Asker: 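Supplied in structure tokens, the structure appears directly below.
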Amino acid sequence: MSQKHCVVTGGAGFIGSHLVERLLADGHRVTVIDNFSTGRPENLEHLKGSKQLKLVQADTNDRAAIAPLFKGAQWVFHIAALADIVPSIERPDDYFRANVSGTESVLEAARAARVSRFVYAASSSCYGIPDKFPTPETAAIRPQYPYALTKRLGEELVLHWGQVYGMPVVSTRFFNVYGPRSRTSGTYGAVFGVFLAQKLANKPYTVVGDGKQTRDFTFVSDVADALVSAAGSTVSGEVFNVGSGSTYSINRLVELLGGPVIHIPKRPGEPDCTFADTAKIRKALGWKPKVSFEDGVEKMLANIDYWRKAPVWTPQSIEQATKTWFEFLEPAKTA
Ligand code: UDP
């Protein structure tokens, strides 16, 4: 494939940095836009020597700063966003600004530059607690908390820009992405970071409920591959699930990691299962996941040192950190 000039927003984050790695390996030129609010320059440290990589610290809402960076760009990957449930409940303004206004700003910068592809990183959290497993893209949209809502609103903006302005857009809905460099900010979230830090500290894994709930854990290189497939295709105005092709229990994860467990209360608004129906992306883009759960977990263990700086969560500190979650989402459970 000919060399493309790519813009990756959020390229210094967990998923973004893996995408940047992949694009450079494919011979493309990459401009990363990241405000380093949760992304980290260290995530791109190993790629610093590449002449094809340009790293710019800027906020997606700062149009004057970002617009010139889109000049001559062909592919745009909009990955920049605030993640995590609890802070989204506590600070909805920040989430709206980053995930909704920020998306509109990036869309406008991309439109002015007449880019040839716009790929958006959406979230499977838009399905809330689905009725059907595996869950197809046509399932009802039921965001349960501000993070899920703002990612969904961003997706609507992207599809709307495709519809009104004829921008070639694709939205990819990720299911439980994991892999090396998965974020270890101070906030409580993403089970892998929690469990790996607990393993390093010889503390028990804090298993939610009975651990029988399952997640569609998708390895990050497969996600990067899906993003590149979407950019390289001619499909437009479509939404695609990106999942591993299966779903795995927390107890299975514990079995693979090895070590003692302690149980903590089930959280309100949480699905017992996430499982993507990936028939659409397989058919339309010819994409399929390549990394098995067992191999993925092994890769995490091989990189476990990354989590030495991560906070070690205990049932007490989790109870404290998730107070707002229980306070605001509890009624949703019985609704
Ligand atoms: N989980 C757990 N212990 C933890 C954190 C998470 O057992 O300390 C479980 C949680 O119940 C869920 C899965 O791990 O079934 C994935 O949780 P995460 O917060 O990573 O993602 P999400 O709930 O958004 O799918």
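Atoms within a ligand are numbered from 1 in the order they appear, just like the ligands themselves. Residue numbers run from 1 in the order of the sequence given. Treat the numbers as computed from the prediction; the structure is a model and nothing was measured.
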Asker: Would you say I250 contacts ligand 1, with heavy atoms under 4.0 Å as the rule?
Answerer: yes
Asker: Tell me which one of Y205, Y178, Y188 gets a heavy atom nearest to atom 4 (C) of ligand 1.
Answerer: Y188
Asker: Out of curiosity, does V291 fall in the hydrophobic cluster containing L257 (side-chain heavy atoms, cut-off under 4.5 Å, transitive links)?
Answerer: yes
Asker: Check for a donor-acceptor pair, side chain of T274 on one end and backbone N or O of D216 on the other, with a separation under 3.5 Å.
Answerer: yes
Asker: So which bit of F175 gets within less than 4.0 Å of ligand 1, heavy atoms only: side chain, backbone, both or neither?
Answerer: neither
Asker: Do the ring centers of F293 and F217 come within less than 6.0 Å of each other?
Answerer: yes
Asker: Looking only at heavy atoms, is any part of R267 under 4.0 Å from ligand 1, and if so is it the side chain, the backbone, or both, or is it neither?
Answerer: side chain
Asker: Applying a 4.0 Å heavy-atom criterion (strictly less than), which segment of V191 is in contact with ligand 1: side chain, backbone, both, or neither?
Answerer: both
Asker: Using a strict threshold of under 4.0 Å (side-chain N to carboxylate O), is an ion pair present between E156 and R152?
Answerer: yes
Asker: For atom CZ of F133, is the number of surrounding heavy atoms from other residues, nucleotides or ligands below 6.0 Å larger than 12?
Answerer: yes
Asker: Tell me, which protein residue and heavy-atom name are nearest atom 3 (N) of ligand 1, and how many Å apart are they?
Answerer: T206 O, 2.5 Å
Asker: Determine yes or no for a side-chain-to-main-chain donor-acceptor pair under 3.5 angstrom, with T278 supplying the side chain and G243 the backbone.
Answerer: no
Asker: Could you tell me whether T214 approaches ligand 1 through its side chain, its backbone, both or neither, with non-hydrogen atoms closer than 4.0 Å?
Answerer: neither
Asker: With a 4.0 Å cut-off on heavy atoms, is F195 in contact with ligand 1?
Answerer: yes
Asker: Between F14 and R181, is there a cation-pi geometry (under 6.0 Å to ring centre, at most 45° from the normal)?
Answerer: no
Asker: Less than 3.5 Å apart, any donor N or O on the side chain of S101 or R97 sitting next to an acceptor on the other?
Answerer: no
Asker: Could you tell me whether some N/O pair between R215 and ligand 1 is separated by less than 3.5 angstrom?
Answerer: yes
Asker: If you measure from each non-hydrogen atom of F192 to ligand 1, which part falls under 4.0 Å: side chain, backbone, both or neither?
Answerer: neither
Asker: What part of V208, side chain, backbone, both or neither, has a heavy atom within less than 4.0 angstrom of ligand 1?
Answerer: both
Asker: What is the closest protein heavy atom to atom 15 (O) of ligand 1, and at what distance does it sit?
Answerer: Q213 CG, 3.0 Å
Asker: Less than 4.0 Å between atom 24 (O) of ligand 1 and some protein heavy atom, yes or no?
Answerer: no
